[in-house]
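Here is the naming used below: chain letters follow the sequence lines, and residue numbers restart at 1 for every chain. Scope of the values below: all heavy atoms of this structure, side chains included, with no hydrogens, waters or symmetry mates.
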2 protein chains.
Amino acid sequence: MATIHDVADAAGVSTSTVSYVLSGKRPISAATRARVESAIMSLGYRPHAGARALASSRTNVLALVAPLRADVNVSVIMEFVTGVATQARTYDQDVLLLTTDDVSSIERVSSGSMIDALLMMDIETDDHRIPFLVQMRQPSVLIGVPDAPRGLSCVDLDFEAAGRLAVSHLLGLGHTRIALVGPTPLVLGRHTAYAERMLRGYRREAEQAGVETVIELSEASQPGGRDALDAALARVPDLTALVVHNEAALPGVLGRLQERGLRVPEDLSVLALCPATLAEAQPVPLTSIDIPATTIGRLAVDMAMSRVLDDGLAETRLLTPQVVERASTVALD
Amino acid sequence: MATIHDVADAAGVSTSTVSYVLSGKRPISAATRARVESAIMSLGYRPHAGARALASSRTNVLALVAPLRADVNVSVIMEFVTGVATQARTYDQDVLLLTTDDVSSIERVSSGSMIDALLMMDIETDDHRIPFLVQMRQPSVLIGVPDAPRGLSCVDLDFEAAGRLAVSHLLGLGHTRIALVGPTPLVLGRHTAYAERMLRGYRREAEQAGVETVIELSEASQPGGRDALDAALARVPDLTALVVHNEAALPGVLGRLQERGLRVPEDLSVLALCPATLAEAQPVPLTSIDIPATTIGRLAVDMAMSRVLDDGLAETRLLTPQVVERASTVALD
DNA sequence: CTGAAAGCGCTAACAG
DNA sequence: CTGTTAGCGCTTTCAG
């Protein structure tokens, strides 16, 4: 492997000049720059990441903590990860993937100076990892909003507003007998922040409107969705609208509706809370409140890098949810 | 941050002793070890990853090249990634995630000495990245088998055997009118290795048995599965068995079967080629040839690390497929 | 606009 | 069993 020394020799300059050509941190004459660049090319020179990290205390690596739980909406995670990985490259950063939710991995990569910043998914309302993040040397960004961010940056869809919006949109269409097929009991059992927030907004809006509503948690599977739908219909047989906040249950819910002879949207309106790609791929394209996972991943990187580069301030960014009308909802006459 | 020097001072030893306590590369008296370890604890010392990489030319990082394509079976990728990440930790390795399939990322992390080895998914029969991997300084493992591995290690389910097995198993149950719902045209268009191999095995076995078979490619979506099933039944109305090698199409295929009043397995046997978790989660638990994605990910790490640590030889490991009987197949009488 | 040189924190001979 | 020390390859003052 060629070193910066080899390049310097080949170009007839000092190593610091090569370094400055690479970093652009001081002016270089056109002639020198050209010689250095051609030496770099012909030697196929690449700076040694470890040496660079040691000398500059910058690693150009971002950690992404993404517990790959089977019970969690896989496609949403994928979109996040894609958004993060893609945006990271625009800052010349790579992504180190941590798939456990224990603090020791975070501690290892942080204290070991392996990373410039850390992004964390799957946030719980009272997340046990937050105290550690707070005292880390590197900035971190939460993808999700805990009850007490403790000065950390957060970014997410405003799930509380999404919950309200789901209800108010259906009310606006004249529906008053509405049920929610929610996330799995496990997700709520962990006090996953987005799930609790959505539920809170949903409940509050229903309450303020004086509408009774049924909430059925559902396993993240086809059978889970079927059961949840059955349970909801058992409680409110003359249901006219359904909100589904559980990607994996969607096929089961829709399949069971069809079996029971309930047409969407003629007999029942369905509003999903999921990525647009998923809503569009259903047999009946679903009206939905989209989860802009790719965008959120991208923003998380931007926020992290602003703190790395410009020493920017921490902030919480909540994206405003919007209903996208597709084919699964109608107004009641 | 405490350095090795601080630890050495606190313990009253030299830095090399601290280093050797950590690496275990030479004998240390119990007393010294104890003093060093307690100094490490009380200072919260962690070796600087960059410094270590620079001095030892080992990074303790594995690159995982995993193009996160929307059209590819997301759940299989997740299982791979989980297997890789989990097993990597047993070797004290972390995982750097590369989500593009261009050579430049690979080149960057390899030439920049960021990694000890590289694992690559989504292999094509004539993969353009292989020539680069061959001349890399670090060993690499292909998760999938190209036509010409060029001396690289490969690991995968034996998809050709899986294709044969799917046919022979159904023949053994007395079925002779069999159709295959295959992967998306895009996957085949890219000449993805596993898809081509499965098809080859499937075709050969059918041919040898003198059985005509219908192959319908399917988009990776619910509607895609429905269409594929309709197409297959249009061509062979008295079909008795179906092989499905497309996770995402599964719900569509099963849903459409039900709509058409075809019961599984009474009217039609279904054999899936997918991860066990998915086969079990369907409305009717599917008889399947399982794709042991977690295991393959784990093995890939083992193979990579054996080359990093012991300088082991390259090899190709093909896991033998097995049919797991669940509720979706019956013998024809 | 460019060079010299002092580290960054660790590993691994070499020496005892 | 332990210590000394020469790098590993780069960045960044300090000097000119």
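- Rounding to the nearest 0.5 angstrom, the gap separating the OG1 atom in A:Thr99 from the CG atom in A:Leu64 is 10.5 Å.
- Looking at residues two or more places apart in sequence or on another chain, you find no ring pair (Phe, Tyr, Trp, His ring centres under 6.0 Å) involving B:Phe80.
- By the salt bridge (Lys or Arg N to Asp or Glu O under 4.0 Å) test, A:Arg150 is found to be paired with no residue, residues two or more places apart in sequence or in another chain being considered.
- For B:Arg129, the salt bridge (Lys or Arg N to Asp or Glu O under 4.0 Å) partners are B:Asp127, not counting sequence neighbours.
- End-to-end axis angle of the helix from C:dC1-D:dG16 to C:dG16-D:dC1, from C1' rotation axes over five pairs per end: 30° (rounded to 10 degrees).
- By the side-chain hydrogen bond (donor to acceptor under 3.5 Å, both in side chains) test, A:Ser19 is found to be paired with no residue, residues two or more places apart in sequence or in another chain being considered.
- With sequence neighbours excluded, no residue forms a salt bridge (Lys or Arg N to Asp or Glu O under 4.0 Å) with B:Arg26.
- Residue contacts for A:Ser113: at a heavy-atom cut-off of 4.0 Å it reaches no nucleic acid atom on any strand shown.
- Residues that satisfy the side-chain hydrogen bond (donor to acceptor under 3.5 Å, both in side chains) test with B:Thr100, not counting sequence neighbours, are B:Asp102, B:Ser105.
- Here A:Ser29 reaches the OP1 or OP2 of C:dT2: one of its side-chain N or O atoms lies under 4.0 Å away.
- Of all nucleotides in DNA chain D, those with any atom nearer than 4.0 Å to a heavy atom of chain A start and finish, going 5' to 3', at D:dG9 to D:dC14.
- Listed by chain and residue number, B:Asp92 satisfy the side-chain hydrogen bond (donor to acceptor under 3.5 Å, both in side chains) test with B:Arg89 (two or more places apart in sequence, or in another chain).
- Residues forming a salt bridge (Lys or Arg N to Asp or Glu O under 4.0 Å) with B:Asp158 (at least two apart in sequence, or on another chain): none.
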*Give the B/S/- string for nucleotides 9-16 of chain C, one per nucleotide from 5' to 3', where a protein heavy atom under 4.0 Å of the base yields B, of only the sugar-phosphate yields S, and otherwise -.*
BBSBBB--
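- In this structure A:His191 satisfies the side-chain hydrogen bond (donor to acceptor under 3.5 Å, both in side chains) test together with A:Glu196, sequence neighbours excluded.
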